[in-house]
Number of protein chains: 2
Amino acid sequence: MVHRCDILVIGGGALGLASAHYLKASHPKLDILLIDRMPGAGQGNTAKSAAMIRNTFSSQTNLALTDSTIDFFIEVERSGFPLGLELMGYLWLMTEGQAKANNAAIAQMRNHQIPLRLLDGDDLRAVPQLRTSFSADDPEAAVMGLEGITLGLFGPKCGAIEPDRLVQYYEQRFLAAGGRVRYGAAVASLLLEPSGGAVGLPGEPLVWQDKRITGAKLADGSAIMAQTVVLCTGTWANQLLDPLGVDCHMKPKTRQLFSIPASEGSLAQLLHTRGFNDLQVVPFLILPRSGIYVKPVARERHFWIGCSDGLGRAYALEDDPQAEEGFFNYSLSPVLSAYLPQFAGQRPDRMWAGQYAYSTIDRNPFVFAEAGALVATGDSGSGIMKADAIGRMVAALYDYEILGEKAADHVELFNGRTLPVDCLSLTNRSVQPERFVI
Amino acid sequence: MVHRCDILVIGGGALGLASAHYLKASHPKLDILLIDRMPGAGQGNTAKSAAMIRNTFSSQTNLALTDSTIDFFIEVERSGFPLGLELMGYLWLMTEGQAKANNAAIAQMRNHQIPLRLLDGDDLRAVPQLRTSFSADDPEAAVMGLEGITLGLFGPKCGAIEPDRLVQYYEQRFLAAGGRVRYGAAVASLLLEPSGGAVGLPGEPLVWQDKRITGAKLADGSAIMAQTVVLCTGTWANQLLDPLGVDCHMKPKTRQLFSIPASEGSLAQLLHTRGFNDLQVVPFLILPRSGIYVKPVARERHFWIGCSDGLGRAYALEDDPQAEEGFFNYSLSPVLSAYLPQFAGQRPDRMWAGQYAYSTIDRNPFVFAEAGALVATGDSGSGIMKADAIGRMVAALYDYEILGEKAADHVELFNGRTLPVDCLSLTNRSVQPERFVI
């Protein structure tokens with residue numbers, strides 16, 4: 001069976017739904033269909049995300065993408081649609097070496113007018129029990145290479161959002177405008193066909209034929225043909241694009257989250273730390289070792305613990321990645337308890353894993369046109385915090401690359417900032433290197 | 001069983017053997033072991049290559065890598081070691097649009113003093129039966145989108161080499177200097193271990209441990225431990241690096257070659273075209289559609305036909321890729337016979353396929369240090385023509401990154417040119433974009 005539509009958006013995560021919404025908003029008469037293999041919106045890696053958002057980037061590209069997205073989230077909540085937005089702030093805890101290495105990045109962020117506060121050792125006493133120094137003969141600190149904390153960098157316009165609310169927001173608007181969604185529809189492959197039509201030879205499209213992506217074949221054997229296909233398939237992008245010889249510069253990597261109860265005692269006290277925000281909640285804490293972080297989830301009275309593990313964590317696509325309790329016990333807990341002793345002996349009551357779509361070139365997404373299709377992926381765990389900007393960029397790229405409106409060479413983001421519409425493509429990539437990395 | 005060596009070079013193709021040779025030449029006292037899973041040197045994709053070499057690049061990086069390598073090959077032959085070097089020249093056949101698009105690149109190549117000759121329609125009559133125009137009502141040309149040829153670009157310092165001779169050259173010198181080789185040794189995985197030694201916890205190396213690549217586990221269960229591991233594994237690099245979370249920015253793609261007999265008649269006449277080179281052989285011809293090329297193999301009295309197929313040819317690792325006769329019949333033959341009618345109806349008497357290690361960012365190799373190891377891959381089909389330069393670069397990068405000789409920040413190539421030693425790394429990549437693409 002063959003279905004037809006004008007635009008087929010594959011992937012109902014944050015990027016897919018934001019893209020579908022903005023495409024429909026600019027082209028209300030087009031028949032736009034969004035499909036996803038899960039039974040509902042945002043149930044892939046979007047649902048498994050730590051769902052943290054921040055605007056603290058030294059790169060102007062990153063800043064524009066995230067700051068405009070956060071401004072948009074604030075506006076959506078103001079308009080009466082709750083997104084679970086909690087701007088409790090991010091607090092990076094840095095060793096002397098890290099503080100020095102990030103000096104230039106901090107100056108750059110200040111230049112960009114990003115609100116920031118620098119905290120010294122005295123200020124950091126506001127975080128209960130936080131250890132900011134280790135004695136020279138502390139054997140555990142020595143073996144783990146832990147150093148004292150000399151600087152805290154606090155970003156107030158940072159925090160958390162509820163991903164399911166976010167995808168519901170875009171989905172409701174998309175549906176209200178007449179967009180169509182179909183869940184439980186898994187794509188088996190993309191269709192690549194001769195642009196000029198088939199000539200009846202075996203093996204088409206042949207080398208000398210111009211080619212375009214004309215639709216998708218589903219796992220149930222049916223097909224959906226579209227004027228334009230938009231791929232927002234996150235970590236699954238390679239599975240669909242590699243067979244066509246299109247590289248989207250993304251590798252999937254599993255990231256785990258561990259949830260620790262904090263309803264009483266010293267962990268509850270830490271959770272309800274005052275002085276950083278109106279929520280009277282401890283900020284999102286980033287420890288100075290291995291990117292280990294502590295997310296306060298006040299409504300659940302829990303902390304979520306995770307880390308950005310680099311070397312040693314495989315790039316590999318997994319449909320159903322699992323968290324490993326041993327990873328918490330041996331990799332995260334020792335560092336966590338060294339800096340925040342109230343976590344000593346605590347074990348997760350819930351854990352899960354999702355996958356990051358890693359843009360391994362510059363940690364920025366790829367948004368580009370290829371063979372008549374649009375691709376947005378490689379958001380490396382910042383898909384939610386860039387979702388609104390990327391959605392607008394996909395819609396603008398449709399006008400620019402697919403409709404050929406060459407005057408539309410910039411995308412206007414929510415707060416009036418603009419970016420070159422193809423600045424996240426491979427060919428015209430213009431992404432400032434991100435210097436704030438910890 | 002555990003073997004030990006100072007440097008373990010994995011991969012006995014052109015890049016691996018050149019690297020092993022230059023490492024041994026600079027560090028004669030080190031115990032250097034090269035291993036490969038094939039039963040001898042250069043039997044992987046090196047053996048399946050079209051083995052063409054050229055210095056016609058607009059990018060200075062590409063020019064330095066290839067020109068110095070070709071100069072070195074010339075010098076090796078002069079010294080009495082035959083490499084099967086045949087500089088019959090490359091002749092690019094361009095449509096008006098291609099000639100225009102390559103105008104700036106041609107000017108750049110002239111600036112770099114690359115020997116070049118531009119040929120017009122009259123000059124091109126030197127190539128027997130070459131069709132340089134199609135009548136407007138030629139239905140086949142129309143359906144294939146074929147256009148006339150208005151410009152020929154001839155590069156005389158371009159040609160072919162015999163890859164088995166090349167690897168033998170480096171292997172003999174490496175062995176003579178006391179290097180060791182072991183063939184038939186397939187690597188199952190790389191060993192990643194805590195730099196400071198294991199502490200006895202499950203799951204090491206843990207997130208908070210610094211890590212380095214310390215050796216390789218072989219398919220037979222044995223292990224080889226090394227101070228430094230050098231990966232020259234071409235298309236197999238991802239299999240070894242992805243599990244460690246290291247990206248080498250390479251994707252494998254199959255390329256096919258079809259061999260057509262040319263011992264008599266009009267094909268023999270084409271093969272022995274005079275006027276382009278001292279060999280009195282037709283140059284390597286690149287047709288203006290789909291990168292279809294015609295390699296004269298005079299000693300075999302054959303032509304080898306291939307093409308650079310982009311969109312539609314999957315990125316996928318294949319251990320034993322096969323050529324498809326239908327690909328020749330429907331994708332290559334129609335275009336080939338349209339421009340060179342003497343190929344009409346000809347069928348290959350031999351065909352084979354190998355894989356390119358595609359650097360999808362800028363078509364230049366990646367040569368970098370990571371986790372104490374060195375990696376050279378992603379040569380995108382130019383491994384042979386860059387082999388000598390990359391071998392020297394790997395040896396220089398060993399001094400710079402592994403031994404920490406920060407003064408050795410440039411590599412000296414054969415003809416005295418220098419390049420920044422890390423110019424093919426990801427972090428300090430400085431590769432001029434290549435503008436000569438057809």
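It should be emphasised that the depicted structure is a prediction, and the values quoted were computed from it without experimental measurement.
- The interface of residues 422-432 of chain A with chain B, defined by heavy-atom distances below 4.5 Å, comprises A:Leu426.
- Ring planes of A:Trp92 and A:Phe436: perpendicular class, angle over 60° (limits at 30 and 60°).
- Your options are A:Ala314, A:Ala316, A:Pro334, and the one with the most heavy-atom pairs under 4.5 Å with chain B is A:Ala314.
- Both the backbone and the side chain of B:Ile361 come within contact range of chain A, with heavy atoms under 4.5 Å apart.
- Most heavy-atom pairs under 4.5 Å with chain B: of the set A:Asn329, A:Asp362, A:Asp247, this distinction falls to A:Asp247.
- Put simply, of A:Asp210, A:Leu332, A:Asp309, the one with the most heavy-atom pairs under 4.5 Å next to chain B is A:Asp210.
- For chain B, no part of A:Pro433 is nearby; none of its heavy atoms comes within less than 4.5 Å.
- In terms of heavy-atom pairs under 4.5 angstrom with chain B, the leader among A:Gly196, A:Pro194, A:Pro243 is A:Pro243.
- Between chain B and the residues A:Glu324, A:Arg289, A:Glu370, A:Lys253, the most heavy-atom pairs under 4.5 angstrom are made by A:Arg289.
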Verdict with reasoning, A:Gln209 to A:Ser195, per side-chain hydrogen bond (donor to acceptor under 3.5 Å, both in side chains): CA-CA 7 Å; A:Gln209 288 175 316; A:Ser195 315; over 6 Å; no
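- Aromatic pair B:Phe303/B:Phe343: centroids less than 6.0 angstrom apart.
- Comparing B:Leu192, B:Leu146, B:Ile292 by heavy-atom pairs within less than 4.5 Å of chain A, the highest count is held by B:Leu192.
- Interface remark: A:Tyr358 contributes no atoms to any contact with chain B (heavy atom separation under 4.5 Å).
- Contacts of B:Leu311 with chain A are made by both backbone and side-chain atoms, with heavy-atom separations under 4.5 Å.
- Neither the backbone nor the side chain of A:Leu241 comes within contact range of chain B, judged by heavy atoms closer than 4.5 Å.
- Both the backbone and the side chain of A:Lys211 come within contact range of chain B, each with at least one heavy atom under 4.5 Å from a heavy atom of that chain.
- Only the side chain of A:Val199 has a heavy atom closer than 4.5 Å to any heavy atom of chain B.
- Residue A:Pro205 does not touch chain B at all, counting heavy-atom pairs closer than 4.5 Å.
- Contact annotation for B:Asn238: only side-chain heavy atoms (C-beta onward) come within less than 4.5 Å of a heavy atom of chain A.
- More than 12 heavy atoms of other residues, nucleotides or ligands lie within 6.0 Å of CD in A:Glu318, so this atom counts as buried by the packing criterion.
- Taking A:Pro202, A:Gly203, A:Gly145 one by one and counting their heavy-atom pairs under 4.5 Å with chain B, the maximum is reached by A:Pro202.
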